[in-house]
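Because only heavy atoms are used, hydrogens play no part in the values below, and waters and symmetry mates are left out as well, while side chains stay in. We count ligands from 1, going down the list as the structure has it; atoms in each ligand are counted the same way. Here, residue 1 is the first one in the sequence, and each next residue gets the next number.
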Amino acid sequence: MKSKCFVLINLLVLQYLVVLCVSQDFDFFYFVQQWPGSYCDSDKNSCCYPTTGKPAADFGIHGLWPNYKDGSYPQNCDPNNPFNESEVSDLISSMRRNWPSLACPSSNGESFWSHEWVKHGTCSESVLDQHSYFGTALSLRQQTKLLQSLKSAGINPDGGSYSLANIKDAIKRGTGYTPWIECNQDSSGNSQLYQVYLCVDSSGSNLIECPVFPNGKCGSQIEFPTF
Ligand code: 5GP
Ligand code: 5GP
């Protein structure tokens, strides 16, 4: 009897350890893309073009952010895993095109990518190593084609004012999923389309409907500035 009990307890402890090891350290990702025109003309930021020149007039990646279903999120999860450009050397030219940094002073993007990896990427390292983290974000960027979806609905980056509902509908039609839109303000205080959030399952493979949206509010009519 004693030895049977011992075996049972050992099994229970083992099961607990297995559950601990495979338990999720986050629930889903926000995949966040920014409109460069709105980063550059806002009242908070002026911007600087990358050392490689003005980026294309298209959405660029801001980040792929692990998140919890309750709206909170982990950050800076592993100080022992710094950004290492040599692990992503085959992706750098695509990152320059699709994940440009517009912060000042001008840079080649490395400090932005490093910041995103250290703050967010290290919190999903159990699922995506550095190469897959950046590779996943790049392939989501190709998959979502935000500007194309908006243009197909007659929504163009021409400085005009568009209905927030129409913007969301156009992106939903293009991607299959409901986006969340973050606005900022241009220098005259108009609300404008700044960032688009889409949700991705915790493997990084599939877009999903967002379990929770961030906080914040746009006007019902927002500007889509030129770049
Ligand atoms: P802000 O305060 O400008 O909205 O966000 C500043 C930064 O905090 C973002 O760029 C991002 O790194 C992080 N952040 C803000 N909101 C969220 C969120 O809902 N989820 C995650 N994972 N990060 C966020
Ligand atoms: P967050 O914590 O908001 O994800 O990271 C934003 C940080 O990255 C800020 O420190 C910001 O200065 C820097 N950064 C560098 N380039 C860019 C850019 O093109 N867009 C944004 N939003 N932040 C950038």
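- Comparing Phe29, Tyr68, Tyr73 by heavy-atom distance to atom 14 (N) of ligand 1, the nearest is Tyr73.
- What sits closest to atom 4 (O) of ligand 2 on the protein, heavy atoms only, is Glu116 OE2, 2.8 Å.
- Taking a distance limit of 4.0 Å, we find that atom 10 (O) of ligand 2 is approached by no protein heavy atom.
- If you check which protein heavy atom lies closest to atom 12 (O) of ligand 2, you get Ala103 CB, 4.1 Å.
- Ligand 1 has no N or O atom lying under 3.5 Å from any N or O atom of Glu182, backbone or side chain.
- Classification of Arg141 and Asp58 as a salt-bridged pair holds, one side-chain N sitting under 4.0 Å from a carboxylate O.
- The heavy atom nearest to atom 6 (C) of ligand 2, considering only Gln34, His115, His120, is found in His115.
- For the atom pair CD (Gln192) and OG (Ser38), the distance works out to 4.0 Å, reported to the nearest 0.5 Å.
- Using a 4.0 Å threshold on non-hydrogen atoms, atom 24 (C) of ligand 2 counts as touching the protein.
- In terms of protein heavy-atom proximity, atom 16 (N) of ligand 2 is closest to Ser101 OG, 2.6 Å.
- With hydrogens and angles disregarded, no donor-acceptor distance shorter than 3.5 Å links the side chain of Ser106 to the backbone of Pro50.
- Listed by atom number, the atoms of ligand 2 under 4.0 Å from Leu102 heavy atoms are 16 (N), 18 (C), 19 (O).
- The presence of a protein heavy atom under 4.0 Å from atom 21 (C) of ligand 2 is confirmed.
- Here the closest non-hydrogen pair linking Gly219 and Ser191 is N-OG, 3.4 Å.
- Tyr197 and Glu182 make their closest contact through OH-OE1, 2.6 Å (heavy atoms, listed as atom of the first residue, atom of the second, distance).
- A side-chain donor-acceptor contact under 3.5 Å links Ser203 to the backbone of Ser205.
- In this structure, His120 and Trp65 have parallel ring planes: the angle between them is below the 30° cut-off, well short of the 60° mark.
- In this structure, Lys69 is not positioned above the aromatic face of Phe26 in the sense of NZ or CZ being under 6.0 Å from the six-membered ring centre and within 45° of the axis.
- Closest to atom 19 (O) of ligand 1 among all protein heavy atoms lies Tyr30 CE1, 3.6 Å.
- Remark: atom 1 (P) of ligand 1 lies closer than 4.0 Å to no protein heavy atom.
- Per-residue contacts place Pro66 under 4.0 angstrom from the following atoms of ligand 1 (heavy atoms of the residue considered): 22 (N).
- For ligand 1 and Lys119, the ligand atoms under 4.0 Å from any heavy atom of the residue are 7 (C), 8 (O), 11 (C), 12 (O), 13 (C).
- For atom 17 (C) of ligand 2, the nearest non-hydrogen atom from the set Trp99, Tyr194, Trp113, Phe112 comes from Phe112.
- For ligand 2 and His62, the ligand atoms under 4.0 Å from any heavy atom of the residue are 1 (P), 3 (O), 4 (O), 5 (O), 6 (C), 22 (N).
- Annotation for Asp158: atom CG counts as buried by contact number, over 12 foreign heavy atoms lying within 6.0 Å.
- Between the side chain of Trp113 and the backbone N or O of Trp99 there is at least one donor-acceptor pair closer than 3.5 Å.
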